[in-house]
Structure formats: C-alpha cells, structure tokens
2 protein chains.
Amino acid sequence: MSQRKATSDAGRATIRDVAERAGVSVASVSRVLSGNYPVSEELRRRVMKVVRDLDYVTNAHARSLAGGGTPTVAILINNITGAAFAHVAKGVEGAAALRGWLSLVGTTGDDPERELALVNLMRQQGVAAVILLGGAYDYDEYQLRMARFARSLDAAGSHLVLVGRPPLEGDVPATTVDYDNEGGAYAMASHLLSAGHRRVLVLPGHAELTTAQARSRGAQRAFEAYGVPFDPGLVRHGRYDYEHGYEAVEAALHETPDFTAVLAGTDVVAAGAMQALRAAGLRVPEDVSIVGYDDIPLASQLTPQLTTVHVPYEEMGRVALRAVADRREGGAGRRKSADGDHLVLGTHVVVRNSVQPPPRRG
Amino acid sequence: MSQRKATSDAGRATIRDVAERAGVSVASVSRVLSGNYPVSEELRRRVMKVVRDLDYVTNAHARSLAGGGTPTVAILINNITGAAFAHVAKGVEGAAALRGWLSLVGTTGDDPERELALVNLMRQQGVAAVILLGGAYDYDEYQLRMARFARSLDAAGSHLVLVGRPPLEGDVPATTVDYDNEGGAYAMASHLLSAGHRRVLVLPGHAELTTAQARSRGAQRAFEAYGVPFDPGLVRHGRYDYEHGYEAVEAALHETPDFTAVLAGTDVVAAGAMQALRAAGLRVPEDVSIVGYDDIPLASQLTPQLTTVHVPYEEMGRVALRAVADRREGGAGRRKSADGDHLVLGTHVVVRNSVQPPPRRG
DNA sequence: TTGAAAGCGCTACCAG
DNA sequence: CTGGTAGCGCTTTCAA
C-alpha cells in the first residue's frame, strides 16, 4: 500500500503520471513535449489531452539536469531603480525572450561581497552567462576580481559579460559591451565650449568610478582642444544622484559663482543642478546652461528639455545577449577569438533646450 | 578507457569529483556543504579544502530535484523601466535576498499571451511564488484568468501574489497586496478642492485599468463630498505616460481651457502636463495647479516639486515577499485562512509646491 | 560519525 | 515510430 505512484498524489504531476494516464511510455511523452522528434499524430493527441487535463508542465530542474533545459542569463545590477540600468535590463530581457531564454535579475547594492555571492549563486544555477551592469570602481583588485569571476564562470561552462565598464586586460574569458563614453563627453563638452562657455562647473561623479573617469577624460580633452584651462576648482565629485547635483551647485554658487554652465555626469545629476539653480533665482539656460549624460526619459521631461549625450542602453543589452547566444551556438570553435570580445557602441549629443551662449559678463 | 570519471574532465566539477579528491564519500561532501548535519572537524576541513581548490559550487538544479534548493520567487512586470514597478521589484528582491532566496524577473509587455507563457515558465521552474505587478485590465476574463493561474500554481506547490491590483473573488488560492488607491485619490482631489479649485482637468489613465478606475472613483467621491459637479468633459483617458499628459493638456487647452488644476493619474503624466502648460505660456502653480500620484523620485525632481500621493511601493514588495515566506514556513496548517490573503497598505498626500489657489477669474 | 544506495523527474540512447 | 532504461548531480534514509 505504500506505493507512491497513486494517481492523484499531492504536489506536482510528473511525466510518469502523464504517461500512465495516456497509456504510453515516458519516453513518448518526453518526445511529444520537447517536439524535437517525430511522433504519430495519434500519440501526440493522446498525450496532449492528458497534459491539458492535468495542467502539466515539465520540471525545469529535472530537464536541465538531464541535459535539456532553457538557457538562462543572469543580470547583476547595482540598483534596479536606476533608469539606465533598467533600460539595459530591458534590452537583455527582450532579446532573451525572443530566443525563449529566461533572465534572472540580482541586485548587488554596490556591495562586493554580495556581488561575489550572486556570481556564485548564478554559477550554481548553471546560467549561460552572467551580465554585470554599470560602471565599476577602479580599485586595484578590480581586474583580478573580474578575471577570477570570468575564469570561474568559464570553467563552469558559463560566461562573463561586462556591460558599460572597461574591458579586462590580458587573456581573460569575458566579453565586454561598452559605449564610447569618452567620445560622448568630448562631444558634449565641445558643444558647451563652442557656445562660448569658458567657466564650466564639472560634476563627473565619483573619482573612482570608471564611468566618471572616462567622462572626465573626454571633457578635459575637449578643453585642451579649445585651449581653455580646465580649472580643478570647478570640478566637484560625488554620487550620480539628484541630491549630489543639487548640493554641488549650491556649494559652487557660494564658492565659485562665476560659472556659466554645468557639465553634469548624468541626467539625474543635471536635474538636481537645475533645481538648485532655480532655487537660487537663476534661469536655465538664460543665466546658466546645463548638459547631462545618458539621455534617459527624464532628460526630455525636464523644463527646459536637457541637452545630453545619448547612450544606447537598451541596445547594449540586446547586443550583450546576442553575443552570448552567438558564442553558444558558435560552439567551441573560436573560443579565444579576440573579435567580438569587446564591442563598443556609439554615443551622440542630443541637442535640446538647456544650452545657450553665456550671458554677457556684468 | 571509456570511464568518464577522469579527474579533470571538462565542464563543471561535481560532488563526486570533490568526494574522490578528498577521499570521502559523496554523502559526506553533501553534508559538509549543506551544513545541516553533524560532521567531524577533520572531514569538514578536508572537504572544504578541495572545494576551494576546485572552485566547486553545487548544481542548483540537481539539488532542487533531490529535495533541497533555494526558494525562488518570480516577479512578473509589464515594463521594467517603470519607476513604480522597479521599486516594488526592489522591495521584493531585498526581502528575498535577506532570506537567501532568489528572484527572477520577467516582463510581459502587457501581452496576455506572454503573461501566460511566463506563468507556465515559472511553474516549470518550481518557484515558490509568482508575483504579478501592476494594475490589470478589467476584462471579463480577468477574474477567470487569474483564478486559473492561482489554482494552477497552487496545484504545483507554488502561490500567486497580486500586487497593486484588486483581489480575486471567491475562494481562490492567491494573496493580494494592495494599497488604498481610492483613498489616496480622494485625499488628493480633496486637497485641490479645498484650495478652491472647481474646474479640474482629470487624467485618470485608461478607463479599463483597475488602477485608473480606483483613482477615478476616489476623485469623484471627493467632488461629491464638496458638492462640486464632476464634468465628464474635463476627463481625458489615456496611457500612463509623459506623452499622454502632454497631449491631453494640449488638447484641453484648446477645447476646455477654463480648468485651473490638473489631477494627473501618475507623476509621469503630471510631468507631461506640466511641460505642456509651460509650452503654452502658463505658469505652475500660479496659473494652473498640478498634482500627481505615485510619489516616484521624479515628483520631487520637477520644478515646482510635485504635490502627489505617496504609494509605498517598495514596502509592498517587501510585504508581498514576507507573505509568501510566512505561508511557506507556516506549513499547510492555515492554508485557507482569510487573514493575510488581502493586505492593504496606506497612502497619503505629500504636499509640495505645485498647488496654489486658483487665480481670480478674468 | 561515515558510507552505500535509492531515488528526485527528465532526456537520450539503444532496441524492437 | 515506440518502449525500456541508464544516468544527470544531489539529498537522504538506512546500515555499519
């Protein structure tokens, strides 16, 4: 009496339940369901009927263990509420769904420990790839840490993809999808300089963040190209958030109030800067011009609409997923090909209404 | 020669590799790793050493099949780039991480077919719960559809959680986490009315969206309470996005320009409305007042800062996860208890600077 | 305290 | 075209 195959047992129905109910073998049910093997119409009909009756779905874990299984990619993100990240995630998710792949999202909250834990967790899940999103902090360990992740994942048959952060040095099994960050910053700063601005408040972000570093470099190169001195006193570092933009401008207004433009590290920072300027009774762009970076929806929703650098976030997500999928299908043939291991997408300035030539000096 | 257990085989290391290398049994390795069974220090040391050497992690699928496994919750969302949803997701993710649970995110793009496919996909994954986020369209089928999901998931040992949408009727195995949507709208509208506004442009969202319906009801109730006629001509339905806000105001300015306030269905709609008003040369709030709903970060980043209704999105996410976790630990004891099956969180008006008494009529 | 072995549900190979 | 069956990697009795 202890036979556990009692027909309507508790819990999930299994493939055996379906087989028995349909009077066919387990193998046949499997074949009907995976659909990658010829079966007679009659068999298919019988099986599908039972499948519907039982509302049966295959156990993904068992399937995965036995060889089959849906490829899954993991997206690791600092903070899911960041608009830029969300768009990359959307790109990945969309491209994954298109192929019937699944995507997992994990958030690290900028905590290296948690990042490590998540990478391992994803390794346990046997994901096809782990996609790390967003700028990284340029600690000494960074390269080593990522290289370790990459090898670890690679050994497990997975793959590391870095999106929006610098590529790894040396022969590390990882793919990088990046955008022309420095070029965008160069173009953005040039736009300001060519409008006649000379004293520009620069809010690049955290000095240790790779994203911020690239944007700084681009801006500096533009200043050099225009022969305009780059005043370190007009540079204020801080977080990529609204509050930082607000506070930095507030402080600058006290200490170095002669700036005629703000070059913000992100659109959100620009929004904060704009608010602070307003609070101080200054008009944008009549008194002070502002530019951002990222071109998230917020940029076009501000008043005035923000001139900024467009970064193709969603496309980066798509590209990242495609890279993983291609590599998977391509087999082990060209594993170490340098091609396709570092993809760089373009950026461009989107001119809207937040820039104007500087007012005449009083 | 065909024995496949050659030590350094390709692919992932298995528990057997670890066992052999450490000279112990598979069972012992399992016990050391899961840590829920007494083992000698010596054994533990030996095993852990090999685990580190091999950079071994257990196969989550195998573990899950065999009974163990990390509980996983799935979050199904219409559009990952919506700020409100992102905050709920953050809440869920955070609470899940706290318990060592994993979370999956899938996007439906408002497509019922895809929603169904995802629910089944999640069922295959054997997730502990499927959390459906965001307002639903009030089609006739809705209740039936959700009831089917609920039962289907329940039969598979999973559970359906509805967040931000109305509870299911009848005895359906699902949990709902909701907020006082109507009450918030009532309070918000009252705020406008008590400031003296009588002609207010209402942009509730799509007429079929449950969220919009609740907000409409709340607003209407407020109008009634104030004895102010609710003019259907001043109601404009549309999507919850910036463009709709902009276009609706633009159109209203042509057709019914006597409104002195805008009651927007969401903060994003309010942002669009604000922009349109500005474009028409109107000042906010001097000429026209505006209020939003949701209290996403954007609300406080607009100029003027938006008076809106605060919805505890992140907390809703946390509460949703907690409900699932509790139910899981609580065992099958109080499965059908009505308590805890419908949780409602409060909302409240956040007064900022976008409302002022209406200007004197010219 | 440790080891051996029986599955978890499914896929894929080998016969028929 | 269909059925039997050997694992996939792990957890968990049951013995020792």
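Chain A is the first sequence line, chain B the second, and so forth, proteins listed ahead of strands; every chain is numbered from 1.
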Counting only pairs under 3.5 Å, give me each side-chain donor-acceptor contact of residues 62-77 of chain B, with atom names and distances, residues two or more places apart or in other chains.
unit_1 : atom_1 : unit_2 : atom_2 : d
B/R63  : NH2    : B/T58  : OG1    : 3.1
B/S64  : OG     : A/H61  : NE2    : 3.2
B/T72  : OG1    : B/T70  : O      : 3.3

Mind listing the side-chain donor-acceptor pairs of residues 315-323 of chain B below 3.5 Å, one per line with the distance, residues two or more places apart or on another chain?
none

Output a table of donor-acceptor pairs, distance under 3.5 Å, between side-chain atoms of residues 110-119 of chain B and any protein atom two or more places apart or on a different chain; print 'none' if there are none.
unit_1 : atom_1 : unit_2 : atom_2 : d
B/D111 : OD1    : B/E113 : N      : 2.9
B/R114 : NE     : B/T107 : O      : 2.9
B/R114 : NH2    : B/T107 : O      : 3.4
B/E115 : OE1    : B/R145 : NE     : 3.1
B/E115 : OE1    : B/R145 : NH2    : 3.3

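Note on A/R21 versus A/D17: no salt bridge recorded, every NZ/NE/NH1/NH2 to OD/OE distance being 4.0 Å or above. Between A/R123 and B/D55 there is a salt bridge, since at least one side-chain N of the basic residue sits less than 4.0 Å from a carboxylate O of the acidic one.
A side-chain donor from one of A/H159 and A/T175 sits under 3.5 Å from a side-chain acceptor of the other.
Between B/M122 and A/L102 there is a side-chain heavy-atom pair separated by less than 4.5 Å.
Under a 3.5 Å cut-off, the side chain of B/S30 and the backbone N or O of B/V26 do not form any donor-acceptor pair. In terms of modelled atom types and a separation under 3.5 Å, the side chain of A/Q143 and the main chain of A/L168 share no donor-acceptor contact.
Pairing each heavy atom of B/T176 with each of B/P166, the nearest pair is CG2-C, 4.2 Å.
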Spell out protein contact along nucleotides 10-16 of chain D as letters: B when the base is contacted, S when just the sugar-phosphate is, - when no protein heavy atom is under 4.0 Å; keep the 5' to 3' order.
BBBB---
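Regarding A/Q124, its CD atom lies at a distance of 17 Å from the C1' atom of D/dC8, rounded to whole Å. In this structure, the CG atom of B/L65 is 9 Å from the C1' atom of D/dC8, given to the nearest Å.
Non-hydrogen atoms lying under 4.0 Å from DNA chain D are contributed by A/S40, A/L43, all within residues 40-47 of chain A.
Across its full length, the helix from C/dT1-D/dA16 to C/dG16-D/dC1 shows an angle of 40° between the axes of its 5 terminal pairs at either end, rounded to 10 degrees.
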